[in-house]
Chemist: 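First the structure, which I've put down as structure tokens, then a few questions once you've had a look.
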Amino acid sequence: MQLYKSQALKVYNSLSGKKEIFEPINEGAIGMYVCGPTVYSNVHLGNCRTFMSFDMIFRYFKHLGYKVRYVRNITDAGHLENDAEDGEDKIAKKARLELIEPMEVVQRYTVDFHNILQKFNFLPPSIEPTATGHIIEQIEIIKDILKKGYAYEINGSVYFNVPKFNESHNYGKLSGRKLEDMIANTRELAAQDEKHSPQDFALWKKAEPQHIMRWPSPWGDGFPGWHLECTAMSTKYLGESFDIHGGGMDLKFPHHECEIAQAEACNGVEPVKYWLHANMLTMNGKKMAKSTGNNILPDEIFSGENSILSKAFSPTVVRFFMMQAHYTSILDLSNDALLASEKGYQKLMEAVNSLENLETTSSSDFNVEAWKQKCYDAMNDDFNTPTLIAHLFEAVKHINAIKEGNETITQSDKALLIETLNAFIFDVLGLENKNDANADSDKLSGVVTMLIQLRKEARDNKDFATSDKIRDQLAALGIQLKDGKEGTTFSVS
RNA sequence: GGCAUUGUGGCCGAGUGGCUAGGCAGAGCUCUGCAAAAGCUUGUACAGCGGUUCGAAUCCGCUCGAUGCCUCCA
């Protein structure tokens with residue numbers, strides 16, 4: 001039997017503003033769409049947090065036994081710098097600045113994106129479609145929306161008619177806005193805008209002669225509006241109505257609102273059952289954003305080459321740090337917070353590494369079955385990874401007590417404990433059990449083991465001058481010896 | 001200005017109307033030749049002011065603050 005039949009999952013639906021029991025449209029199968037990156041520069045850590053949240057959600061669905069089709073797009077065209085007449089494609093702008101082909105920009109940053117996600121141990125999505133690969137689909141949708149009277153063509157561009165749509169639909173239902181308020185709050189009349197109303201948005205933009213990214217269409221050469229690609233690709237791969245649409249909080253308005261409008265105008269049905277929004281990662285209390293320069297690149301964290309942090313942190317420690325906050329909460333990045341997470345991560349892994357050697361007896365002081373359900377309860381409550389991690393540390397406490405001989409565990413409970421910990425730590429949270437990458441070298445390990453043996457001999461002979469010399473000089477090299485009951489181990493910093 | 005979210009102990013960060021979050025740091029202890037490492041124990045909290053309630057950090061109102069969106073953004 002699949003796990004999902006016995007675990008009642010609740011998710012926070014941004015559309016209703018409530019936690020709802022999760023029931024997929026088709027039993028046992030889930031369609032999930034997440035707005036991916038615009039590949040015009042290196043993916044920064046804030047971007048990663050959103051994708052990591054959905055990677056965790058994807059992993060938990062799979063763990064529960066669902067068949068999941070996870071679509072995460074790559075935006076490689078059609079992303080306007082602004083909505084003004086001279087709106088320029090982000091990719092094209094970057095290409096112009098760097099004097100390369102637009103698709104060269106796309107290729108470079110798509111590769112970077114994949115490299116970074118791999119370091120963070122992401123699972124690849126089921127489908128990763130690109131906007132440029134779906135121009136035809138987008139044009140078809142525009143034709144359909146025009147035919148249904150919710151869009152108008154002007155000077156080779158096509159705009160979605162928001163006031164018209166709002167007459168029979170509810171534009172603003174996702175972000176809690178009312179069209180009347182938005183019109184009332186329009187600051188100034190946009191200068192000579194060809195749009196009928198400031199709330200209207202582009203479905204298709206005419207390409208000026210100097211514009212290099214362009215495709216032929218019934219309205220002349222041009223390029224698609226940003227919101228359209230997600231509607232085209234989600235509809236194509238997941239259908240007119242699907243289970244989950246995710247993305248960053250900042251996409252809620254206007255991007256996701258426009259997606260709803262396009263899909264409803266076109267298909268006449270509510271496109272998404274559950275809207276999930278991941279919250280922002282901040283740094284120094286401010287949102288990370290490419291446009292403001294307040295951001296840090298993942299590689300700068302892994303290498304330690306940055307002006308914000310005191311040392312390098314591994315991808316899995318950063319992942320652990322992010323998993324310690326709920327995905328709907330704002331998380332602030334700081335050196336202290338990362339250091340604390342690193343310590344906690346190491347403590348967790350030490351416990352995991354000692355699991356196999358736990359001695360078993362005929363009775364258990366640790367109710368593993370009840371503890372396991374508490375872990376599921378945490379995840380079932382809108383993917384509450386911080387609470388899950390708190391429960392993991394409860395298990396750590398028991399493991400240490402058993403190790404010290406203060407508690408006992410049976411063979412079967414031990415097996416269940418190992419299975420459950422592995423499932424949550426590695427399958428669901430996606431953490432990796434890596435000591436230090438530097439310590440992997442066999443030669444180094446051999447040399448240090450030899451020195452440990454020499455030190456032990458010195459200590460046995462009460463030659464503490466020699467033993468301390470070995471210890472202190474290794475420490476000076478960043479190799480720390482750790483004396484334990486079962487002998488001495490070491491770690492490299 | 002409008003809409004939304006939010007304000008928890010030294011730091012990070014969960015949370016339910018009454019019952020321990022958890023991690024890090026701090027303190028004490030155990031272990032140790034001395035340390036380190038590791039383990040155990042442990043304190044300080046719910047922005048402010050009112051209200052509802054037998055009882056609120058948790059519900060309501062107001063004040064103050066923070067953040068996000070309203071233009072591209074994960």
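This structure is a prediction, so every number in the text was calculated from the model and none was measured. Just so we're on the same page: letters track the sequence lines, and every chain starts at 1.
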Chemist: Send over the distance from Ile399(A) CD1 to rC40(B) P, rounded to a whole Å.
Modeler: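 It is 11 Å, rounded to the nearest whole Å.
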
Chemist: What is the ring orientation for His398(A) with Phe366(A), classed by angle as parallel under 30°, tilted 30 to 60°, or perpendicular over 60°?
Modeler: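 The rings of His398(A) and Phe366(A) lie parallel, inter-plane angle below 30°.
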
Chemist: Show me the dot-bracket string of RNA chain B, counting Watson-Crick or G-U pairs under 3.5 Å, with | for pairs to another strand and [ ] for crossing ones.
Modeler: (((((((..(((.....[...))).(((((.......)))))....(((((..]....))))))))))))....

Chemist: Where the side chain of Glu350(A) is concerned, which of rG68(B), rG13(B), rA38(B) is the nearest nucleotide?
Modeler: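 The nucleotide sitting nearest to the side chain is rA38(B).
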
Chemist: Write down the atom of Ser334(A), the atom of Leu309(A), and the distance for their closest heavy-atom approach.
Modeler: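 Between these two residues, the closest heavy atoms are C-CD2, 4.2 Å.
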
Chemist: I want to verify a distance call: between rA21(B), rU41(B), rG33(B), whose nearest atom is closest to the Lys397(A) side chain?
Modeler: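 In terms of side-chain proximity for Lys397(A), the closest of rA21(B), rU41(B), rG33(B) is rU41(B).
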
Chemist: Is the distance between the ring centroids of Phe120(A) and Phe51(A) under 6.0 Å?
Modeler: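 No: the rings miss the under 6.0 Å criterion.
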
Chemist: Among rC12(B), rC24(B), rA14(B), find the nucleotide with the atom closest to the side chain of Leu331(A).
Modeler: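 Nearest to the side-chain atoms of Leu331(A), counting from C-beta on, is rC12(B).
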
Chemist: Say you pick atom C1' in rG68(B) and the same atom in rG26(B); how far apart are they, in whole Å?
Modeler: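 Pairwise C1' distance, rG68(B) against rG26(B), rounds to 35 Å.
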
Chemist: Could you work out which one of rG22(B), rU67(B), rG33(B) sits closest to the side chain of Arg455(A)?
Modeler: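 The answer is rG33(B).
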
Chemist: Output the single nucleotide from rA74(B), rC70(B), rG22(B) whose closest atom is nearest the side chain of Ala390(A).
Modeler: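 For the Ala390(A) side chain, the nearest candidate turns out to be rG22(B).
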
Chemist: Is there a donor and acceptor pair closer than 3.5 Å between the side chain of Arg177(A) and the base of rC70(B)?
Modeler: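 No, the side chain and the base share no sub-3.5 Å donor-acceptor pair.
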
Chemist: Just call it for His44(A): base, sugar-phosphate, or nothing, with non-hydrogen atoms closer than 4.0 Å on any strand.
Modeler: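 The residue His44(A) makes base contact.
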
Chemist: Nearest to the Ser467(A) side chain among rG33(B), rG23(B), rA74(B), which nucleotide is it?
Modeler: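 Comparing rG33(B), rG23(B), rA74(B) against the side chain of Ser467(A), the answer is rG33(B).
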
Chemist: For Trp275(A), is there any backbone N or O sitting under 3.5 Å from a side-chain donor or acceptor partner on Asn13(A)?
Modeler: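 Yes; judged by distance alone, with no hydrogens or angles, the pair exists.
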
Chemist: Quick one: label Phe464(A) by what it contacts on the DNA or RNA (base, sugar-phosphate, nothing), any heavy atom closer than 4.0 Å.
Modeler: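 The answer is base, as Phe464(A) lies within the cut-off (heavy atoms under 4.0 Å) of a base atom.
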
Chemist: Contact class for Met280(A) (heavy atom, under 4.0 Å): base, sugar-phosphate, or nothing?
Modeler: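 Base contact - Met280(A) has a heavy atom under 4.0 Å of at least one base atom.
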
Chemist: From the set rU67(B), rG23(B), rA74(B), return the single nucleotide nearest to any side-chain atom of Ala340(A).
Modeler: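 So the nucleotide nearest the side chain must be rG23(B).
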
Chemist: Would you tell me if any nitrogen or oxygen in the side chain of Lys252(A) comes within less than 4.0 Å of OP1 or OP2 on rG68(B)?
Modeler: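 So the side chain of Lys252(A) is outside the cut-off, no N or O lying under 4.0 Å from OP1 or OP2 of rG68(B).
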
Chemist: Given atom CE of Met249(A) and atom C1' of rC70(B), what is their separation to the nearest angstrom?
Modeler: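 So the two atoms are 15 Å apart, to the nearest Å.
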
Chemist: Which one, rA14(B), rA74(B), rG33(B), comes nearest to the side chain of Thr38(A)?
Modeler: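 So the side chain of Thr38(A) is nearest to rA74(B).
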
Chemist: With the side chain of Lys286(A) defined as its heavy atoms from C-beta on, choose the nearest nucleotide among rG68(B), rG13(B), rG39(B).
Modeler: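 Looking only at side-chain atoms, Lys286(A) lies closest to rG68(B).
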
Chemist: In this structure, how many angstroms lie between the C1' atom of rG22(B) and the CG atom of Leu429(A), rounded?
Modeler: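 Atom-to-atom, Leu429(A) to rG22(B), this comes out as 14 Å.
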
Chemist: With distance as the sole test, does Lys195(A) use its side chain to make a donor-acceptor pair with the main-chain N or O of Asp200(A) at under 3.5 Å?
Modeler: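 Looks like yes, one N/O pair under 3.5 Å.
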
Chemist: NA contact type, Gly172(A), heavy-atom cut-off 4.0 Å: base, sugar-phosphate, or nothing?
Modeler: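 It contacts nothing in the nucleic acid.
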
Chemist: Which whole number of Å gives the distance between the C1' atom of rA45(B) and that of rG22(B)?
Modeler: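 It comes out at 15 Å once rounded to the nearest Å.
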
Chemist: Go through the steps to decide whether Asp55(A) and Arg59(A) satisfy the test salt bridge (Lys or Arg N to Asp or Glu O under 4.0 Å), and finish with yes or no.
Modeler: CA-CA 6 Å; Asp55(A) 183 60; Arg59(A) 285 166 172 275; 3.0 Å; yes

Chemist: Give me the ring orientation class for Phe61(A) and Phe383(A): parallel if the planes are under 30° apart, tilted from 30 to 60°, perpendicular past 60°.
Modeler: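 The arrangement is perpendicular - the two ring planes meet at more than 60°.
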
Chemist: Taking atom P in both rU42(B) and rA21(B), compute the distance separating them and give it to the nearest angstrom.
Modeler: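 Each nucleotide's P atom is 12 Å from the other's.
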
Chemist: Ala278(A) near the nucleic acid: base, sugar-phosphate alone, or nothing, with a heavy-atom cut-off under 4.0 Å?
Modeler: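 No contact at all - Ala278(A) keeps every heavy atom at 4.0 Å or more from the nucleic acid.
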
Chemist: Quick one: is rC24(B) close enough that its OP1 or OP2 comes under 4.0 Å of any side-chain N or O from Lys347(A)?
Modeler: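 So the side chain of Lys347(A) is within the cut-off, an N or O lying under 4.0 Å from OP1 or OP2 of rC24(B).
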
Chemist: If you compare all heavy atoms of Cys48(A) against all heavy atoms of Ile116(A), which two are closest, and at what distance to 0.1 Å?
Modeler: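 Closest approach of Cys48(A) to Ile116(A): SG-CG2, 3.9 Å.
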
Chemist: Roughly how many Å is it from CZ in Phe321(A) to C1' in rC11(B), rounded to a whole number?
Modeler: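 Value for this atom pair: 12 Å.
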
Chemist: Identify which nucleotide among rG2(B), rC34(B), rA35(B) has an atom closest to any side-chain atom of Asp483(A), counting heavy atoms from C-beta outward.
Modeler: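 Of the options given, the side chain of Asp483(A) lies nearest rA35(B).
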
Chemist: Before accepting this row, confirm whether a basic side-chain N of the pair Lys311(A)/Glu342(A) lies closer than 4.0 Å to the acidic partner's carboxylate O.
Modeler: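 The answer is yes: the pair qualifies as a salt bridge.
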
Chemist: For Arg49(A) and for Thr282(A), find the nucleotide of RNA chain B with the closest heavy atom, then tell me which residue's nucleotide is more 5'.
Modeler: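 Looking at RNA chain B, the more 5' nearest nucleotide goes with Thr282(A).
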
Chemist: Write down the atom of Phe320(A), the atom of Tyr345(A), and the distance for their closest heavy-atom approach.
Modeler: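 It is CE2-N, 3.6 Å.
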
Chemist: Under 4.0 Å, counting only non-hydrogen atoms across every strand here, what does Gln480(A) touch: a base, just sugar-phosphate, or nothing?
Modeler: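 Result for Gln480(A) = sugar-phosphate.
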
Chemist: Are any of Lys287(A)'s side-chain N or O atoms less than 4.0 Å away from OP1 or OP2 of rC69(B)?
Modeler: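 Yes, because at least one side-chain N or O of Lys287(A) sits under 4.0 Å from OP1 or OP2 of rC69(B).
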
Chemist: For rA14(B) versus rU20(B), give the span between their C1' atoms, rounded off to a whole number of Å.
Modeler: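 One C1' to the other, the span is 13 Å.
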
Chemist: Taking the six-membered ring where the residue is Trp, are the ring centres of Phe122(A) and Phe54(A) under 6.0 Å apart?
Modeler: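 No, ring centres 6.0 Å or more apart.
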
Chemist: Round to the nearest Å and state the distance from His391(A) atom NE2 to rG13(B) atom C1'.
Modeler: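 Answer to the nearest Å: 14 Å.
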
Chemist: If you assign Lys343(A) and Glu404(A) each to the RNA chain B nucleotide with the nearest heavy atom, which residue ends up on the more 5' nucleotide?
Modeler: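 On the 5' side of the pair lies Lys343(A).
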
Chemist: Please state whether the base of rG33(B) and the side chain of Asp468(A) form at least one donor-acceptor pair under 3.5 Å?
Modeler: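 It does, because a donor-acceptor pair links the side chain of Asp468(A) to the base of rG33(B) below 3.5 Å.
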
Chemist: Of all of residues 311-320 of chain A, which get a heavy atom below 4.0 angstrom from RNA chain B, listed by number?
Modeler: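 Going residue by residue through residues 311-320 of chain A, none turns out to have a heavy atom under 4.0 Å of RNA chain B.
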
Chemist: Indicate whether OP1 or OP2 belonging to rG15(B) is found under 4.0 Å from a side-chain N or O atom of Asn384(A).
Modeler: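 Asn384(A) to rG15(B) OP1/OP2: side-chain N or O found under 4.0 Å.
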
Chemist: For nucleotides rC31(B) and rA25(B), find the distance between their P atoms and express it as a whole number of Å.
Modeler: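 Taking atom P in both rC31(B) and rA25(B), they lie 22 Å apart.
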
Chemist: At under 4.0 Å between heavy atoms, what does Leu281(A) touch on the DNA or RNA strands: base, sugar-phosphate, or nothing?
Modeler: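 Leu281(A): base contact, heavy atoms under 4.0 Å.
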
Chemist: If we take the C1' atom in both rA66(B) and rA47(B), what is their distance in whole Å?
Modeler: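 It works out to 11 Å between them.
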
Chemist: Reckon Gly247(A) touches a base, only the sugar-phosphate, or nothing at all at heavy-atom distances under 4.0 Å?
Modeler: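 The answer is sugar-phosphate, as Gly247(A) gets under 4.0 Å only of primed atoms, P, OP1 or OP2.
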
Chemist: Taking the ring of His326(A) and the ring of Tyr12(A), is the distance between their centroids below 6.0 Å?
Modeler: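 No, they do not, as the ring centres are separated by 6.0 Å or more.
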
Chemist: Would the distance check show the side chain of Thr328(A) and the main-chain N or O of Ala278(A) forming a donor-acceptor pair, the cut-off being under 3.5 Å?
Modeler: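 Between the backbone of Ala278(A) and the side chain of Thr328(A) there is no qualifying donor-acceptor contact (under 3.5 Å).
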
Chemist: Roughly, in whole Å, what's the span from CG in Leu388(A) to P in rG23(B)?
Modeler: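 Atom CG in Leu388(A) sits about 14 Å away from atom P in rG23(B).
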
Chemist: Rounded to whole Å, please give me the gap between CG in Asn47(A) and C1' in rC72(B).
Modeler: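 From Asn47(A) CG to rC72(B) C1': 13 Å.
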
Chemist: Can you name the one residue among Asp483(A), Asp468(A), Thr466(A) that meets side-chain hydrogen bond (donor to acceptor under 3.5 Å, both in side chains) with Arg455(A)?
Modeler: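 The side-chain hydrogen bond (donor to acceptor under 3.5 Å, both in side chains) with Arg455(A) is passed solely by Asp483(A) among Asp483(A), Asp468(A), Thr466(A).
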
Chemist: Just how far, in rounded Å, is C1' of rG15(B) from CZ of Phe383(A)?
Modeler: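 Nearest whole value for this atom pair: 19 Å.
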
Chemist: Ignoring backbone atoms, test whether Ser329(A) places a side-chain nitrogen or oxygen under 4.0 Å from the OP1 or OP2 oxygen of rG13(B).
Modeler: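 Checking Ser329(A) against rG13(B): no side-chain N or O falls below 4.0 Å of OP1 or OP2.
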
